[in-house]
Chemist: 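Structure below; questions to follow.
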There are 2 protein chains.
Amino acid sequence: MADLNNLISPFFLNDKEIRKVIELLFFSYRDFTSGPDKILEKLNFGRAHHRVIYFVGKKKNITIKELLGVLKITKQSLSRVLNQLVNERFIIVSTGIDKRTKKLSLTQKGEDLENQLSTIQIDKIKKVINKFSEENINGFKEILYDMIETDNKKIFQQIND
Amino acid sequence: MADLNNLISPFFLNDKEIRKVIELLFFSYRDFTSGPDKILEKLNFGRAHHRVIYFVGKKKNITIKELLGVLKITKQSLSRVLNQLVNERFIIVSTGIDKRTKKLSLTQKGEDLENQLSTIQIDKIKKVINKFSEENINGFKEILYDMIETDNKKIFQQIND
DNA sequence: TTATTTAGGTCAGCCATATTGACTTAATTA
DNA sequence: TAATTAAGTCAATATGGCTGACCTAAATAA
């Protein structure tokens with residue numbers, strides 16, 4: 001049955017080729033995050049700090065709850081990371097109209113770091129993108145989007161208004 | 001200057017669009033690993049165990065050194081994970097022709113688990129792939145490959161002979 | 001043949017990132 | 001007024017990494 005499945009599958013989606021996709025995702029994702037990791041290390045930050053900085057930069061005045069919804073971690077986990085970023089003046093907190101909520105924004109220092117980190121990844125993507133057609137790039141994005149679970153697709157849409 | 005850059009850049013690679021790619025990679029990769037994670041949890045294993053099982057399954061008789069080269073972790077880190085997998089009979093160790101080396105392989109139990117984990121990811125990719133053209137899929141793979149650093153491209157080639 | 005290198009292992013301690021559970025405060029809403 | 005919500009905190013635990021130091025056995029080079 002599995003063999004039959006392989007026979008009727010076009011080459012580009014037989015199991016052997018699909019396993020390559022698994023590996024490509026693993027290696028490419030690892031290399032994609034390694035650049036920022038090096039910069040963060042000097043500041044004694046980790047990838048968790050990067051994610052917070054990224055999404056606070058993306059959505060100004062994001063609340064704790066919204067941020068937790070994007071990151072899908074517990075507030076206890078966020079707490080340590082966020083407190084460090086606030087204490088070291090990368091992020092500034094203000095109170096929302098609903099006084100229970102807090103709004104997070106990057107300071108200038110935070111924006112500078114965000115820029116430094118994102119530039120590495122943006123440049124990496126630009127370099128790659130220049131070698132491919134618009135069709136390829138759009139296909140790439142659509143495939144990635146398709147791989148996201150429904151709930152997270154909504155979150156992706158939300159942070160992109 | 002940045003504005004000019006945006007103006008002369010085609011829409012599909014301006015910074016705003018590229019940031020979406022960053023997010024797509026983040027969300028899709030997270031969802032891609034979440035399925036196996038749930039199964040591993042029941043066995044008190046983590047993603048590190050998955051990676052070991054995956055690459056031992058991929059390359060039968062892989063040595064410790066080769067495995068470390070793929071995973072890019074220290075032997076101390078591998079040690080704990082690998083010992084658990086050996087103790088619980090998912091992986092079997094034998095001595096190489098060079099008697100300093102050890103060769104790792106999956107047991108039947110290990111293969112069963114490997115299959116269970118990989119099937120989730122393979123099915124996920126199959127589902128996605130069926131919605132796209134062969135050109136899109138090949139483009140997707142080529143872009144991912146292009147995002148990998150030179151050294152790791154070599155490793156990718158090695159494990160795929 | 002001796003010296004060096006290589007493959008692998010181990011002990012100890014440390015750090016980052018995550019978890020669960022219990023509990024608190026303050027503000028909003030029903 | 002009661003219930004819910006947003007946020008915070010304390011404590012304990014797990015996982016997955018790291019560095020450094022040190023060891024054994026086997027292969028290779030001088």
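Lettering of chains follows the sequences in order, A, B, ..., and the numbering in each one begins at 1. No hydrogens, no waters, no symmetry mates; every other heavy atom, side chains included, goes into these values.
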Chemist: Looking only at side-chain atoms of B/Arg100, point me to the closest of D/dA6, D/dG16, D/dA27.
Modeler: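 Closest nucleotide to the B/Arg100 side chain: D/dA27.
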
Chemist: Side chain of A/Thr101 only, please: which of D/dA27, D/dA6, D/dT9 is the nearest?
Modeler: D/dA6

Chemist: Is B/Ile97 touching bases, backbone alone, or none of the nucleic acid, heavy atoms closer than 4.0 Å?
Modeler: sugar-phosphate

Chemist: Go through residues 148-161 of chain B and report each residue with a non-hydrogen atom lying under 4.0 Å from DNA chain D, sorted by number.
Modeler: none

Chemist: Checking only heavy atoms, does the side chain of B/Gln76 share a donor-acceptor pair with the base of D/dG16 at less than 3.5 Å?
Modeler: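 Check fails, no donor-acceptor contact within cut-off.
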
Chemist: Base, sugar-phosphate, or nothing for A/Ser77, non-hydrogen atoms under 4.0 angstrom?
Modeler: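 Contact class for A/Ser77: base.
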
Chemist: To 10°, what angle do the rotation axes through the five end pairs on each side of the helix from C/dT1-D/dA30 to C/dA30-D/dT1 form?
Modeler: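 The two end axes of the helix from C/dT1-D/dA30 to C/dA30-D/dT1 meet at 20°.
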
Chemist: Can you check whether B/Thr74 has a side-chain N or O nearer than 4.0 Å to OP1 or OP2 of D/dC18?
Modeler: yes

Chemist: Quick one: the side chain of B/Lys102 and the base of C/dG8, do they pair up donor-acceptor inside 3.5 Å?
Modeler: no

Chemist: So, is B/His49 close to the D/dG16 phosphate, meaning a side-chain N or O under 4.0 Å from OP1 or OP2?
Modeler: yes

Chemist: Categorize A/Arg80 for me: base, sugar-phosphate, or nothing, with a 4.0 angstrom heavy-atom threshold over every strand shown.
Modeler: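 The residue A/Arg80 makes base contact.
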
Chemist: Which nucleotide, D/dG8, D/dG16, C/dA27, lies nearest any side-chain atom of A/Ile64?
Modeler: D/dG8

Chemist: Reckon B/Lys75 touches a base, only the sugar-phosphate, or nothing at all at heavy-atom distances under 4.0 Å?
Modeler: base

